[in-house]
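Only one structure is covered here, and it is reproduced in the block below.
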Protein chains: 2
Amino acid sequence: MGNEKELLNVSKATIGRLPAYHRYLQEKLAAGEKTVSSTAIAEELHLSAVQVRKDLSAIAREAGKPKLGFTVADLIADIDRFLGYDNLNDAVLVGVGGLGKALAGYSGFKHYGLNIVAAFDADPARIGTSIGGIKVFPAEELARLVRRLNVLIGIIAVPKEAAQGAADELVKGGVRAIWNFAPVHLNVPANIAVKNEDMAASLAILSKRLAEILNNEK
Amino acid sequence: MGNEKELLNVSKATIGRLPAYHRYLQEKLAAGEKTVSSTAIAEELHLSAVQVRKDLSAIAREAGKPKLGFTVADLIADIDRFLGYDNLNDAVLVGVGGLGKALAGYSGFKHYGLNIVAAFDADPARIGTSIGGIKVFPAEELARLVRRLNVLIGIIAVPKEAAQGAADELVKGGVRAIWNFAPVHLNVPANIAVKNEDMAASLAILSKRLAEILNNEK
DNA sequence: ATTTTATCGATAAAAAATTATCGAAAGAAG
DNA sequence: CTTCTTTCGATAATTTTTTATCGATAAAAT
């Protein structure tokens, strides 16, 4: 019975903002505040209050109260539930060079529902080592081990030349979602979700905004 | 005279896609192909051909030719010019822990017009070292050095507790754009551009897509 | 107890982004 | 040389996302 509605009808844009709300709410919770208004959230995050209300109404179970706003703890619980922060998804990491090492060492992913259970690398010098408690296995074992562990999420942090190969192996192992940090477009079957962490795109947007700002001043 | 039009009228969504086009075009160039059609680009990148044409028409100087498509080399040049890939912007990096080290060591930023000229860290053990040719200075010198070097872009890769402080120092030093990798919302004056590299948001979107895919199957 | 104020949710309007349609042009094929 | 095919650019339609408006409600203030 019935939380299908939730998956639908919530726009990607909204989903993308939820983690920011979540962080803000955690701050408020830590500060001991019981309720928070859409106006306050909006001001802090540079959004409009209407948008905040709309986003929250899409995923919150309890309504906000006039004059008081929303209950902080309830909202956090709602976002946790909606984004699945309260039940961990296993993932594997491919590539433990500079970026991969950083990702493996970042303990925060657990709070976001992501649990890295194994890492892989082609470099023999790295195999057998451990980073942040995650063991590094040889690349050859990727597909086999992924299948055995029944992991559905793969994180690609290899140099761009190796990225497509890594993706192929992940798919072969039965992964259904790939978080790609390599600056290349991956070719995968249609029923596999790919999210490119495209830093070049972020940078492009940032530098255009910078250009605008400088332009408005002169 | 006259490239003001370019800054305006190009949507953020379009700008965000340009780096992907750029990468695809580089591949085609390397493969020796002279021209490429919007259909081909669209298919590879899982977009619609109309959208590709619209995006390109917003920034390209030459029109595409019926039956042939666009000239690969021209398009690359157009994107280079539009995104500023051909003239480097200086930047400083704050924080050379795991992620900061990875960013400093990534040589690819130069291709995206970003030149990291100095790094800063609070940990004495790191000061004076060099990562990827970038020297690490003490955090206390941040504002002063940024001002002296006349750097306009700051990259924050410190733990979240230190991020707001880093932002404050960057702003004090005269930075006008901040690329924030720490998972916190930064409070800065209105005339400073902030781009949050929000991995939690990416992850949220990815896992929702995964959930959808799995849902559609059963 | 009444008024004032801050806030909400719902609905409507506007803006932005994507997709569809179609005539025209340029090369390829016959 | 004519026809066919691919592709373009422009315009229109649609969809999605954001913003505006407004009556209702609950707490706070008078």
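In the text below, chain A, chain B and the rest are named by the order of the sequence lines, each starting its count at 1.
- Straight-line distance from the CD atom of E62(B) to the P atom of dG9(D): 11 Å, rounded to whole Å.
- Contacts of A42(A) classified as side chain to side chain contact (heavy atoms under 4.5 Å, CB included), with partners at least two apart in sequence or in another chain: A49(A), V52(A).
- Within the 4.0 angstrom heavy-atom criterion, no nucleotide atom of any strand lies near S57(A).
- Toward the 5′ end of DNA chain C lies the nearest nucleotide of F70(A), the other residue of the pair T14(B) and F70(A) mapping further downstream.
- Put simply, CD1 on I15(B) is 14 Å from C1' on dA16(C), counting in whole angstrom units.
- Not counting sequence neighbours, F70(B) has no partner by the ring pair (Phe, Tyr, Trp, His ring centres under 6.0 Å) test.
- A heavy atom lying under 4.0 Å from DNA chain D marks none of the residues of residues 192-203 of chain A.
- Atom-to-atom, CG of D55(A) to C1' of dA10(C) comes out at 16 Å; the value is rounded to the nearest Å.
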Using distance only, find each side-chain donor-acceptor pair of residues 15-27 of chain B under 3.5 Å and give its atom names and separation, not counting sequence neighbours.
residue	atom	partner	partner atom	Å
R17(B)	NE	D55(B)	OD2	2.7
R17(B)	NH2	D55(B)	OD1	3.2
R17(B)	NH2	D55(B)	OD2	3.3
Y21(B)	OH	D55(B)	OD2	2.6
H22(B)	NE2	D80(B)	OD1	2.7
R23(B)	NE	P183(A)	O	3.4
R23(B)	NH1	D198(A)	OD1	3.4
R23(B)	NH2	D198(A)	OD2	2.7

Subject >> R176(A) and E217(B): CA distance, side-chain angles, deciding distance, salt bridge (Lys or Arg N to Asp or Glu O under 4.0 Å) verdict >> reply: CA-CA 12 Å; R176(A) 307 306 304 275; E217(B) 274 176 8; 2.5 Å; yes
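- For the pair Q51(A) CD and dT16(D) P, the computed distance is 17 Å after rounding to whole Å.
- Atom CG of L47(A) is separated from atom P of dT17(D) by 15 Å (rounded to the nearest Å).
- Not counting sequence neighbours, the partners of S37(B) by the side chain to side chain contact (heavy atoms under 4.5 Å, CB included) test are T39(B), A40(B).
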Hey, can you pull the donor-acceptor pairs under 3.5 Å for the side chains in residues 87-100 of chain A, sequence neighbours left out?
residue	atom	partner	partner atom	Å
D90(A)	OD1	N115(A)	ND2	3.1

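- Looking at residues two or more places apart in sequence or on another chain, you find no side chain to side chain contact (heavy atoms under 4.5 Å, CB included) involving K67(B).
- Residue E33(B) qualifies as enclosed at atom CD: its count of foreign heavy atoms under 6.0 Å is above 12.
- DNA chain C forms stems at C:1-30 with D:1-30, each a run of 3 or more consecutive Watson-Crick or G-U wobble pairs whose two key distances fall under 3.5 Å.
- If you measure from atom NE2 of H46(B) to atom P of dT18(C), you get 17 Å, rounded to the nearest angstrom.
- The distance from atom CG of L56(B) to atom P of dG9(D) is 8 Å, rounded to the nearest whole Å.
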Subject >> Heavy-atom protein contacts under 4.0 Å, nucleotides 20-30 of chain C, coded B base, S sugar-phosphate only, - none >> reply: B----BBB---
May I have the list of side-chain donor-acceptor pairs in residues 158-173 of chain A shorter than 3.5 Å, sequence neighbours left out?
residue	atom	partner	partner atom	Å
Q164(A)	OE1	N187(A)	N	2.9
Q164(A)	NE2	D168(A)	OD1	2.9
Q164(A)	NE2	N187(A)	O	3.0
E169(A)	OE2	K172(A)	NZ	3.1

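- Using a 4.0 Å heavy-atom distance criterion, A49(A) is classed as making no nucleic acid contact.
- Not a single side chain to side chain contact (heavy atoms under 4.5 Å, CB included) links S57(B) to another residue, sequence neighbours left out.
- Screening residues 181-218 of chain A for ring-ring contact (aromatic ring centres under 6.0 Å, His included), with sequence neighbours left out, gives W179(A)-F181(A), H185(A)-H46(B).
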